[in-house]
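Below is one structure; the comments refer to it alone.
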Amino acid sequence: MSAPETRPLRVALLGCGTVGSAVLRLIDEQADDLTARVGRPVEVAGIAVRRPAHHPDVPQHLLTTDAEALVTRADVDLVVEVIGGIEPARTLMLAAFAAGKSVVSANKALLADDGPALHAAAAASGVDLYYEAAVAGAIPLLRPLRESLAGDQIRRVVGIVNGTTNYILSRMAETGAGFAEALAEATDLGYAEADPTADVDGFDAAAKAAILASLSFHTPVSAADVYREGISAVSATDVARAAEIGCTVKLLAICERVVNGSPGHPGDTVAVRVHPAMIPTTHPLAAVGGAFNAVFVEAEAAGQLMFYGQGAGGEPTASAVLGDLVAVARNRLAGASGQGPTGYAGLAVRPIADTPTRYHVSLDVADKPGVLATVAQEFARQEVSIATVRQDGHGDAATLVIVTHSAPDAALSATISALRDMPAVRGVTSVLRVEGLS
Ligand SMILES: NC(=O)C1=CN([C@@H]2O[C@H](COP(=O)(O)OP(=O)(O)OC[C@H]3O[C@@H](n4cnc5c(N)ncnc54)[C@H](O)[C@@H]3O)[C@@H](O)[C@H]2O)C=CC1
Ligand SMILES: N[C@@H](CC=O)C(=O)O
Ligand code: NA
């Protein structure tokens, strides 16, 4: 009888930035526990970096600038990709799969761009592609969606999934900090992407929303399918107006299954959007401050579930990477691979124009007879029902604050355009969608 194999499992680490350096540290610090949990030692075989001189604290013999040679090396069993971006990450992943190596990644941009093809390549080679860290960092979210809820029907997922923008909005609301100052702090703390416009303009959250929707609705959804608005247009006035109606401003990722569609959408559809929204301060998501993330999931049988924790930063993200590393290492030793996402439902993605939303609008008007009626007529013309109207001030400097009921987003935005052109309206000072109001 041959002796059981005790050779260490060897990992190629691609990238040694914020996340990669934390992964490297945790693999070292937790070596004994990892050995016990996996059943074999887990060792780093090599680290691909762009500039070795920038990594003086890393064992120099492990560094290489040739990532492609590293992933295909015969002594490498598993690959951890934390360089980010589309290329060369995609090519490196495909090379790893072709060479029979499972990949753990934190790369939401790539997964949201090309997830189905990457999963197909992994499946064709009988290896794993895991990426828990890619959405909401440390929070166990993708595995619960993919596995724990595999017997349920998910209806809605609403979350704060970008730590940088949540940090910025929290600082703006709590301390009155300016946008640039708050962004610089988020970058220093390691939350922001290499290019922070990915955070600020909502691309990062949109990629995460695409991944969440794909898993939740068993439907391929790519980042290009996601309606996206970032926070760069959120002003101090919006934040103040939100406070006046008992709300706070958050960048939300919202993934919904719209059952039985409507005349233009006869079957079920999915609506996936990322935009800033006012939510009541009593809403549990309103209390999510700083770089924390939180995600609500509503499923038919399970009801409401909430996932909360650190969505960004080196160590929290590395925790999720290591969790996946243990899972793929165990699969490898068992000669098995995990089930990737299924896309069997193939639901159509509903455009934002047809998606029901609610708006909060603040208008500067002159307080003269007939102005309120003229404004209300414009809402009625677009078949948008008004939930509440409040007038502050009077004379030449009155403000109307209107919250609508839900209506197709196109009708709401057409109403706002018409209001902007109305002589009775001196200015539209704040427009934001509203979520979670009864
Ligand atoms: N920082 C965070 O809080 C989180 C990051 N992520 C994701 O983790 C990944 C890594 O992010 P960070 O560590 O923050 O980025 P980073 O910019 O700090 O690190 C990336 C590293 O990869 C290196 N790199 C780039 N191209 C390379 C190449 N061709 N060969 C070798 N090295 C290369 C860069 O020089 C850099 O050191 C990204 O996909 C990001 O979206 C996911 C969750 C949270
Ligand atoms: N830049 C991202 C990092 C995690 O994905 C964020 O700010 O949430
Ligand atoms: Na996660």
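Atoms within each ligand, like the ligands themselves, are counted from 1 in listed order.
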Is T165 touching ligand 2 with its side chain, its backbone, both, or neither, if touching means heavy atoms under 4.0 Å apart?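 T165 to ligand 2: no contact under 4.0 Å from either part.
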Side chain, backbone, both or neither: D199 near ligand 2, heavy atoms under 4.0 Å: side chain
Hydrogens and angles aside, do [X] and [Y] bring a side-chain donor and acceptor to less than 3.5 Å of each other?
X    : Y    : value
T35  : D32  : no
N331 : Y130 : yes
D409 : T357 : yes
R241 : S362 : yes
T197 : D195 : yes
S430 : D238 : yes
Q382 : T415 : no

As a check for students: among G314, G84, S21, identify the option with a heavy atom nearest to atom 38 (C) of ligand 1.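 The nearest heavy atom belongs to G84.
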Could you name the option among G313, P88, A192 that has the heavy atom nearest to atom 3 (O) of ligand 1?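 Comparing heavy atoms across G313, P88, A192, the nearest one to atom 3 (O) of ligand 1 lies in G313.
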Give me the nearest non-hydrogen protein atom to [atom] as residue plus atom name, then the distance to 0.1 Å.
atom                    : answer
atom 5 (C) of ligand 1  : V19 CG2, 3.6 Å
atom 44 (C) of ligand 1 : T317 OG1, 3.1 Å
atom 30 (N) of ligand 1 : R50 CG, 4.1 Å
atom 8 (O) of ligand 2  : G163 N, 2.6 Å
atom 7 (O) of ligand 2  : T164 OG1, 2.6 Å
atom 41 (O) of ligand 1 : E193 OE1, 2.8 Å
atom 17 (O) of ligand 1 : A194 CB, 4.2 Å

Tell me the contacting part of [X] for ligand 1: side chain, backbone, both, or neither, using a 4.0 Å heavy-atom threshold, strictly below.
X    : value
A106 : both
K108 : side chain
P316 : neither
I83  : both

is_close_aromatic(H119, Y131), centroid dist under 6.0 Å: yes
Validation row, ring centre H283 to ring centre F296 under 6.0 Å: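 Between H283 and F296, the centre distance is under 6.0 Å.
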Assess [X] for proximity to ligand 1: is some non-hydrogen atom of it under 4.0 Å away?
X    : result
A133 : yes
A48  : yes
L14  : no

Just to confirm, does any protein heavy atom lie below 4.0 Å from atom 15 (O) of ligand 1?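 No, because not a single protein heavy atom sits under 4.0 Å from atom 15 (O) of ligand 1.
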T18 N/O to ligand 1 N/O under 3.5 Å: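 There is such a contact, yes.
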Does any N/O atom on G20 come nearer than 3.5 Å to any N/O atom on ligand 1?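 No: no nitrogen or oxygen of G20 is under 3.5 Å from one in ligand 1.
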Tell me, with the steps shown, if R390 and E244 meet salt bridge (Lys or Arg N to Asp or Glu O under 4.0 Å). CA-CA 11 Å; R390 196 187 77 227; E244 282 165 15; 3.2 Å; yes
Residue from L363, V384, L419, T388 passing side chain to side chain contact (heavy atoms under 4.5 Å, CB included) with I402: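 Answer to the side chain to side chain contact (heavy atoms under 4.5 Å, CB included) test with I402 among L363, V384, L419, T388: L363.
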Using 3.0 Å as a strict upper limit, say whether an N, O or S atom of [X] approaches the Na ion (ligand 3) that closely.
X    : result
A320 : no
G137 : yes
L142 : no

Is any side-chain heavy atom of V274 less than 4.5 Å from a side-chain heavy atom of F203?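 SC-SC contact between V274 and F203 ruled out.
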Under the 3.5 angstrom rule, does the side chain of T164 hit a backbone N or O of Y191 as a donor-acceptor pair? yes
Exam field: side chain N293 to backbone Q310, donor-acceptor pair closer than 3.5 Å: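 Checked: no pair found.
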Checking side chain to side chain donor-acceptor pair (under 3.5 Å) for the pair E87/T91: CA distance, chi angles, key distance, verdict? CA-CA 7 Å; E87 287 295 351; T91 301; 2.6 Å; yes
To 10°, measure the O(E132)-the Na ion (ligand 3)-O(V135) angle for me. 80°
Does ligand 2 have any atom sitting under 4.0 Å from a heavy atom of G137? no
Would K108 count as a polar contact of ligand 2, with the cut-off being nitrogen or oxygen pairs under 3.5 Å?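 K108 vs ligand 2: N/O contact under 3.5 Å present.
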